[in-house]
Amino acid sequence: MRINNINLNHNMISFSSYNKLDKETGLSTSTAFYLDHPVLEKSAQIINRTFPEGTNIMVYAGSNGEEALSLNTFLKNKNNYQIYSIDPCSEAINYAQRGVYAVHPQMSDGFLINDVKNKKQEQLTKKFYKHFTEIPKPNEEIDNVTDSVYCLAFDDVELFPQKYFIPKYTINNNIHFVKDDINNIKNIELNSHNGKVGAIFFRNAFYHVIKNDLTGIIGYGEKPDLNLNKQEVLNDLINNKIYNKLEVGGILVLGNHLQEHLFIADKSIPEEETILFDPVRNLRYSSKHLLFEALNKQGKFKPIYNNIVSGLNKENNCKLPLIWQKIR
């Protein structure tokens with residue numbers, strides 16, 4: 001990702017989420033079906049092939065459950081797999097347990113209810129309707145868009161009506177919703193497979209554990225915690241907590257947001273290993289990929305699937321490994 005020649009500013013980074021924030025944690029509870037679906041589908045193929053008799057699957061930062069439900073539509077012999085959708089937000093878990101989902105025509109999964117589709121979107125739409133049933137608009141509020149910028153696109157505006165769905169029983173009986181976070185991964189109780197898991201999804205959430213939120217810092221002038229050693233935090237999370245929970249052959253699935261791959265430098269990173277130094281805002285960026293450094297440490301993981309990560313503009317898009325496998 002060629003970013004060292006770019007004058008970084010907040011207008012160059014676009015995170016087009018439609019956020020509903022949890023009152024307790026301040027974290028987003030909003031998501032969509034089939035986010036980054038090439039990685040999701042490839043992950044399911046690897047799980048089907050590596051663990052045909054079944055395994056546990058953890059989906060961290062699972063929000064209201066749409067990522068876990070989307071993944072489940074790709075799995076064969078679904079009852080062999082126990083999926084745990086885990087999120088620290090009480091509101092997100094409440095929405096997940098309610099089991100009613102809104103699809104908005106202007107969100108990333110809007111193709112599920114819009115008429116204009118490409119071939120892949122048509123395939124995903126058929127898969128979705130095979131596993132979900134449309135219902136009338138519920139009386140209670142359903143988790144979706146609450147960003148003030150998109151208020152005009154709410155479902156109570158006739159111009160952009162959204163639709164509502166519930167999972168069919170056959171897709172929902174092997175999915176569990178748990179309020180917790182990835183730092184407690186050792187203590188999450190699992191129902192089968194000796195407490196081990198065949199896959200851990202932690203997509204677009206690593207930046208939370210290392211205080212690497214580019215949108216907050218750049219968009220609103222906040223200062224990062226430069227005393228937090230990001231590399232130490234990532235090494236412990238990857239090579240201790242995640243490694244010990246995964247089965248051999250199990251996979252860790254990463255996200256494709258820029259802030260998962262562009263790291264604000266802390267005080268432990270030498271200045272010669274930084275780029276885009278900004279003395280006015282006291283912002284430096286590591287020239288190394290700290291997450292990949294942790295995954296390559298000690299030869300415990302290997303990358304097995306690359307996919308596109310969007311850069312600051314089209315010229316900075318690049319392929320990065322987003323699926324890593326435990327090899328010993």
Side-chain angles (χ1 to χ4, degrees), residues 1-17 25-28 36 60-61 181-183 202-243 252-303 306-324:
M1 189 180 294
R2 296 173 297 144
I3 57 177
N4 53 311
N5 294 324
I6 295 176
N7 181 22
L8 185 66
N9 64 72
H10 69 277
N11 293 321
M12 299 173 69
I13 297 180
S14 175
F15 299 97
S16 57
S17 60
T25 64
L27 299 176
S28 171
D36 196 12
Y60 276 98
D181 66 66
I182 198 165
N183 288 308
F202 197 44
R203 303 200 298 168
N204 303 323
F206 269 103
Y207 70 92
H208 284 302
V209 299
I210 56 173
K211 314 298 183 186
N212 198 58
D213 189 344
L214 300 182
T215 55
I217 293 166
I218 296 174
Y220 303 103
E222 299 173 6
K223 296 294 179 65
D225 180 3
L226 301 180
N227 293 308
L228 179 68
N229 190 315
K230 294 179 173 61
Q231 192 68 78
E232 284 188 0
V233 173
L234 289 172
N235 285 341
D236 177 61
L237 183 56
I238 295 293
N239 292 295
N240 182 15
K241 297 174 181 176
I242 290 176
Y243 175 80
L252 171 65
V253 187
L254 310 180
N256 64 351
H257 281 187
L258 179 63
Q259 58 192 359
E260 295 283 277
H261 304 279
L262 174 63
F263 297 90
I264 301 167
D266 55 64
K267 289 183 178 178
S268 70
I269 299 176
E271 192 164 320
E272 62 270 18
E273 294 181 4
T274 66
I275 53 178
L276 293 172
F277 178 69
D278 185 342
V280 175
R281 291 177 293 176
N282 196 27
L283 297 180
R284 300 183 300 149
Y285 297 85
S286 174
S287 60
K288 295 183 178 180
H289 197 299
L290 304 185
L291 182 53
F292 290 178
E293 292 274 321
L295 283 162
N296 282 314
K297 190 179 179 66
Q298 302 174 9
K300 294 179 177 179
F301 294 89
K302 68 176 181 180
N306 297 324
N307 202 51
I308 295 294
V309 170
S310 299
L312 302 180
N313 53 45
K314 289 183 178 179
E315 288 72 29
N316 299 110
N317 292 348
C318 64
K319 279 191 175 183
L320 291 178
L322 299 186
I323 303 178
W324 293 69

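All residue numbers in this chain count up from 1 along the given sequence. Because the structure is a prediction, the values reported are computed rather than measured.
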Atom CG in Leu262, atom CD in Glu260: separation rounded to 0.5 Å? 11.5 Å

Contact check, side chains of Asn296 and Trp324, non-hydrogen atoms, under 4.5 Å: yes

Within the side chain of Arg284, is there an N or O that forms a donor-acceptor pair under 3.5 Å with the backbone of Ile275? no

May I ask you to test the Pro321-Phe292 pair for a side-chain heavy-atom distance under 4.5 Å? yes

Checking side-chain contact (heavy atoms from CB on, under 4.5 Å) between His261 and each of Asn212, Leu322, Leu290, which is the one that passes? Leu322

Could you check if a side-chain atom of Val209 sits within less than 4.5 angstrom of a side-chain atom of Phe202, using non-hydrogen atoms only? yes

When rounded to the nearest 0.5 angstrom, what is the spacing between CD in Gln259 and NE2 in His208? 7.5 Å

What closest approach, in Å, do Asn239 and Ala294 show between heavy atoms, and which atom pair accounts for it? ND2-O, 2.9 Å

Students often mix this up, so state it plainly: with edges at 30° and 60°, are the rings of Phe301 and Tyr243 parallel, tilted or perpendicular? perpendicular

Might you point out which heavy atoms bring Glu293 and Gln231 nearest each other, and give the distance in Å? CB-OE1, 3.6 Å

Considering all heavy atoms, the nearest Leu234-Phe206 contact: CD2-CD2, 3.7 Å

Minimum-distance pair of heavy atoms, taken over all atoms of Ile238 and Ile242: O-CB, 3.7 Å

Interatomic spacing from OH in Tyr60 to CG in Asn183 - rounded to 0.5 Å: 9.0 Å

CG on Asn307 to CG on Leu254, rounded to 0.5 Å: 11.5 Å

Closest non-hydrogen atoms of Phe263 and Lys288, given as atom of the first, atom of the second and distance, are CD1-O, 4.1 Å

OG1 of Thr274 to CD1 of Ile264: how many Å apart, nearest 0.5 Å? 12.5 Å

Shortest non-hydrogen pair, Asn204 vs Asn256, comes out as OD1-N, 3.0 Å

